[in-house]
Amino acid sequence: MGLNVADFPRRGVGWLAGLVAAVGKAVAWLTLLMVLLTFNTVTLRYGFNLGWVWLQDIVTYLHAVVFMLAAAWALQTNEHVRVDIFYHEWPARKKALVDLLGTMLLLVPVCVFLLVISWNYVSTSWAVQEGSHSAGGLPFVYVQKTLILLLPTLLLLQAIVTIWNSVHTLRGSTR
């Protein structure tokens, strides 16, 4: 029972799908922390007239992490926003064609555009180690801005998985 070279692409796609799912599931747990911190912030602010900018910044950072790092997982699990008038009724091959064309003609170009247009913005932030503009805010704005690059990167990884799955569905192949 040797290693079959033909299995490498399938295993690689499986690994990418697993990576996207692992990142999404991990950051999904941050929503609980975000809710608890928001409750705490509101309670302190309106119950005790206390407030800290850094605490509000943490909630904002967590929101950005959850939104940007779980987007590819939402796409993978079909939990993303879809204007679904006909799609849910279509057979698997027609859905695969729509997924393939949508991924190649819309998702991939938009992700590449986001990577290209945001690279200088994020690298400049890293170069100056940008911090919060608010007094008492968190100093790591440059780390948060890195999420702008991670979002399209994870979406491109999921695009590879979607393209692979769609092609195999269209060919009638088993995975």
Side-chain angles (χ1 to χ4, degrees), residues 3-41 56-119 121-122 140-141 143-175:
L3 227 30
N4 186 352
V5 176
D7 283 343
F8 286 145
R10 181 183 52 79
R11 293 173 108 186
V13 167
W15 185 85
L16 290 177
L19 175 67
V20 167
V23 170
K25 289 174 183 178
V27 300
W29 281 100
L30 294 177
T31 56
L32 177 60
L33 179 59
M34 190 170 54
V35 167
L36 294 172
L37 286 174
T38 301
F39 176 78
N40 186 32
T41 302
Q56 292 173 345
D57 279 357
I58 289 173
V59 172
T60 303
Y61 281 34
L62 288 172
H63 189 265
V65 168
V66 169
F67 177 80
M68 293 193 186
L69 297 186
W73 182 49
L75 177 62
Q76 181 184 84
T77 57
N78 254 341
E79 298 296 327
H80 60 292
V81 175
R82 179 193 301 265
V83 179
D84 186 0
I85 299 170
F86 306 109
Y87 184 89
H88 70 284
E89 299 287 335
W90 287 346
R93 290 175 55 86
K94 196 168 186 178
K95 288 179 181 179
L97 181 61
V98 169
D99 291 343
L100 179 65
L101 292 175
T103 300
M104 293 180 68
L105 299 176
L106 299 170
L107 181 62
V108 170
V110 167
C111 288
V112 170
F113 175 75
L114 284 173
L115 283 169
V116 169
I117 197 168
S118 61
W119 184 262
Y121 178 70
V122 174
F140 305 110
V141 171
V143 175
Q144 182 188 22
K145 285 186 178 182
T146 303
L147 296 171
I148 298 169
L149 298 175
L150 292 176
L151 167 69
T153 301
L154 286 169
L155 284 170
L156 285 171
L157 295 178
Q158 181 54 40
I160 293 168
V161 174
T162 301
I163 290 167
W164 174 270
N165 291 339
S166 297
V167 167
H168 279 272
T169 299
L170 289 170
R171 286 185 177 167
S173 304
T174 57
R175 286 180 248 156

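In this chain, residues are counted from 1 in sequence order.
The environment of I117 atom CD1 is sparse: at most 12 non-hydrogen atoms of other residues, nucleotides or ligands sit within 6.0 angstrom. For CH2 of W90, the number of neighbouring non-hydrogen atoms (other residues, nucleotides, ligands) closer than 6.0 Å is greater than 12. The local environment of OH in Y61 is crowded, with over 12 non-hydrogen atoms from other residues, nucleotides or ligands closer than 6.0 Å.
Residue pairs meeting the side-chain hydrogen bond (donor to acceptor under 3.5 Å, both in side chains) criterion with at least one partner in residues 96-114, sequence neighbours excluded, are Y87-D99. The stretch residues 17-35 participates, sequence neighbours left out, in no salt bridge (charged side-chain N to carboxylate O under 4.0 Å, His left out) pair at all. Residues in residues 143-169 take part in these salt bridge (charged side-chain N to carboxylate O under 4.0 Å, His left out) pairs, two or more places apart or across chains: E130-K145.
A96 and L170 get closest at one heavy-atom pair: CB-CG, 4.0 Å. Nearest approach of T169 to R93, heavy atoms of both residues: O-NH1, 3.6 Å. Nearest approach of W73 to A28, heavy atoms of both residues: CZ3-CB, 4.0 Å. Closest non-hydrogen pair, I163 versus M104, comes out as CD1-CG, 3.7 Å.
Under the side-chain hydrogen bond (donor to acceptor under 3.5 Å, both in side chains) criterion, N40 pairs with no residue, sequence neighbours left out. Every residue meeting the side chain to side chain contact (heavy atoms under 4.5 Å, CB included) condition with T60, not counting sequence neighbours, appears here in chain and number order: Q144. With sequence neighbours excluded, the residues satisfying side chain to side chain contact (heavy atoms under 4.5 Å, CB included) with V27 are L30, V65, L69, A70. For L106, there are no side chain to side chain contact (heavy atoms under 4.5 Å, CB included) partners at least two apart in sequence or on another chain.
Ring pair F67/H63 is parallel by interplanar angle, where below 30° counts as parallel and above 60° as perpendicular.
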Enumerate donor-acceptor pairs with a distance under 3.5 Å from any side-chain N or O in residues 146-161 to protein atoms, sequence neighbours excluded.
{"residue": "T146", "atom": "OG1", "partner": "W126", "partner atom": "NE1", "Å": "2.6"}
{"residue": "T146", "atom": "OG1", "partner": "Y142", "partner atom": "O", "Å": "3.0"}
{"residue": "T146", "atom": "OG1", "partner": "V143", "partner atom": "O", "Å": "3.4"}
{"residue": "T153", "atom": "OG1", "partner": "L149", "partner atom": "O", "Å": "2.7"}
{"residue": "Q158", "atom": "OE1", "partner": "Q76", "partner atom": "NE2", "Å": "2.9"}
{"residue": "Q158", "atom": "NE2", "partner": "T162", "partner atom": "OG1", "Å": "3.2"}

